[in-house]
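Once you've had a glance at the structure underneath, I'll fire off some questions.
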Amino acid sequence: MVSTPAPLPSTTHDVTNQAPPLAPYDASEDVALLEGLRREGAGWAEPDLRRLGLLAGGAEAQEWGEQANRHEPELRTHDRWGNRVDEVEFHPSWHRLMRVAVAEGLAGAPWADGRPGAHVARTAGGLVWGHSEAGHGCPTSMTYAAVPALRREPELAKVYEPLLTSREYDPGLRVPTQKRGLLAGMGMTEKQGGSDVRTNTTVAAPTSEPGVYTLRGHKWFTSAPMCDVFLVLAQAPGGLSCFLVPRVLPDGTRNAFRIQRLKDKLGNRSNASSEPEFDGTVAWLVGPEGQGVKTIIEMVNCTRLDCVMASATLMRRTLVEAGHHARHRSAFGARLADQPLMRNVLADLALESEAATTLTLRLAGAADRAVRGDEGERAFRRIATAVGKYWVTKRGPAFTAEALECLGGNGYVEDSGMPRHYREAPLLSVWEGSGNVNALDVLRALTRDARTAEALFAELALAQGADARLDAAVARLKDGLATASESSARRLVEAMALALQASLLVRHAPPAVADAFCATRLAGDWGHAFGTLPDSADLEGILGRALGFGH
């Protein structure tokens, strides 16, 4: 009789020492965020923000974000009969993300909300809902930013603003005035000039109808091409001008908006970025001829704030992921969260994240008060937004790389989601003017209007005497202004950003946070990588505030 061998084990190992899924979690569980929300005048929005935080960190919304990036948008230039349609098709998860974003007021809604703090509440909502997915923040940002620019032409604003500020997401190309809500995009850059938009070659020819033109030309980066209307720069007889271009004309016919291709981008894969061609494209003048940059600059200021917000969101999102992993992963006989060097890394990241979040909300508060007529806040916003855009977006890629490394090899695989965040991070520095463009914009603001420097130093003076290292940094900054040049613009703007972040933390954060930030970012008691905080840093206090860590 032949014996039957014992069955082999069905598995070679048990799965142990792996962190469980992060979701569900509360994306609004961020002390610095909630304190900033209240401080900047939008405490009334906290209940909605907490509700949105649970949705953003929930398993369903996290899955929407993953699917929207895995199933990328597809360009369909023609229908089955050969008719030109120029449509982009998105996965259903994209539409689910968009529907929530618009309904929660993250697009144009604040412009129709008369409450003080409405713009702060929107920014805080972006800091929370952005935990779900980053790409769909592009059309909501442009829609928000289009409203103040469109107001330069009151008759057009009367027609379109109620729809741009709607909380209803109504996708699909139809006559704009027949829809329940609209999305707006922008078409500024061209292949020969990029940020140097004054070199644009797209031509606008007047028609017999006052205020109506036809465009001919080609744009190089026009994101979210399925938006309903676009603000576009083109050369009119009187110079570079701003125009409103609808995808569908009032008579129901498709406007000439020929999408040549979609960009194959490093990140931001869920969002379509296109190259449209205009040929006989009907457009309406917004603002006077020759004042295109002046007209659209308010749109740029708004989207720059959103770049800061999106970078701060990525920092917080990846910090939460890194902290979650460290809580559940053990190595060399102890949990990562209990090992001194990992705690140093996480605490250093937490400092950077809180500084970014706090600055973002201060900028949002300035924007909110500027809209309501505060000239001092308008001047502060003018320079501080460009400073924040330069610095916070520059910190994003290094930050997300370090947070990814906290997960080790697990962070390098797509399933973790960390590679998607890492690929997203460089976009925020490139979009709405690269680092050099923003640094030079700060110099221009300083030389063209003395009130901008006055507003910046008035803000810094609010923390005067509270920390000697900050006082010394402000003194150096004043000296640096006297010798500022184009070649040193980055150093100057970096010094401004660090002084501004430090002043906010000294005034509003606990001593553990403010002291460590000033010691490292201002006084140089720091290395060249995250995780090099000095022994004097209160790691317990920093981590307890940022991640709820105990010893």
| message | If the condition is side chain to side chain donor-acceptor pair (under 3.5 Å), which residues does R180 pass it with, not counting sequence neighbours? | response |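 Applying side chain to side chain donor-acceptor pair (under 3.5 Å) to R180 gives E168.
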
| said: H218: which residues meet the ring pair (Phe, Tyr, Trp, His ring centres under 6.0 Å) condition with it, sequence neighbours left out? | reply: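 For H218, no residue satisfies ring pair (Phe, Tyr, Trp, His ring centres under 6.0 Å) once neighbours in sequence are set aside.
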
| request: Please identify each residue that fulfils salt bridge (charged side-chain N to carboxylate O under 4.0 Å, His left out) with E153, with sequence neighbours left out. | output: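 E153: no salt bridge (charged side-chain N to carboxylate O under 4.0 Å, His left out) contacts found.
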
| task | Not counting sequence neighbours, which residues clear side chain to side chain contact (heavy atoms under 4.5 Å, CB included) with A234? List them please. | result |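 By the side chain to side chain contact (heavy atoms under 4.5 Å, CB included) rule, A234 matches T202, A204, L215, F243.
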
| For F530, what residues pass the ring pair (Phe, Tyr, Trp, His ring centres under 6.0 Å) criterion, not counting sequence neighbours? |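 Once residues adjacent in sequence are excluded, the partners of F530 under the ring pair (Phe, Tyr, Trp, His ring centres under 6.0 Å) criterion are F399.
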
| message | Has K219 got a side-chain atom pairing as donor or acceptor with T189's backbone, closer than 3.5 angstrom? | response |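 No; zero donor-acceptor contacts below 3.5 Å.
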
| task | Could you pull out all residues at least two apart from E74 that satisfy salt bridge (charged side-chain N to carboxylate O under 4.0 Å, His left out)? | result |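 Salt bridge (charged side-chain N to carboxylate O under 4.0 Å, His left out) check on E74 returns nothing, list empty.
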
| said: Could you check whether any side-chain N or O of T357 sits under 3.5 Å from a backbone N or O of S353, counting only pairs where one atom can act as donor and the other as acceptor? | reply: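 Yes, T357 side chain to S353 backbone: donor-acceptor pair under 3.5 Å.
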
| task | Among residues two or more places apart or on two chains, list those pairs meeting ring-ring contact (aromatic ring centres under 6.0 Å, His included) that have a residue in residues 302-331. | result |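 The answer is H324-H328.
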
| task | If a pair satisfies ring-ring contact (aromatic ring centres under 6.0 Å, His included) and one of its residues is in residues 245-283, list it, with sequence neighbours excluded. | result |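 Sorted pair list: F230-F257, F257-F278.
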
| query | Pairs in or reaching into residues 46-94: which pass ring-ring contact (aromatic ring centres under 6.0 Å, His included), with residues at least two apart or in two chains? | reply |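 Listed once each, the pairs are H71-H91, F90-W94.
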
| query | Within the distance-only criterion (no hydrogens, no angle test), does the side chain of N438 pair as donor or acceptor with the backbone N or O of G433 below 3.5 angstrom? | reply |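 Yes; at least one donor-acceptor contact below 3.5 Å.
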
| query | Looking at residues at least two apart in the chain, or sitting in another chain, which of them share a side chain to side chain donor-acceptor pair (under 3.5 Å) with H119? | reply |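 By the side chain to side chain donor-acceptor pair (under 3.5 Å) rule, H119 matches Y144.
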
| task | Output all residues satisfying ring pair (Phe, Tyr, Trp, His ring centres under 6.0 Å) with Y422, sequence neighbours left out; order by chain, then residue number. | result |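 If we apply the ring pair (Phe, Tyr, Trp, His ring centres under 6.0 Å) test to Y422, skipping adjacent residues, there are no hits.
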
| Residues that W220 engages under ring pair (Phe, Tyr, Trp, His ring centres under 6.0 Å), provided they are two or more places apart |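 If we apply the ring pair (Phe, Tyr, Trp, His ring centres under 6.0 Å) test to W220, skipping adjacent residues, there are no hits.
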
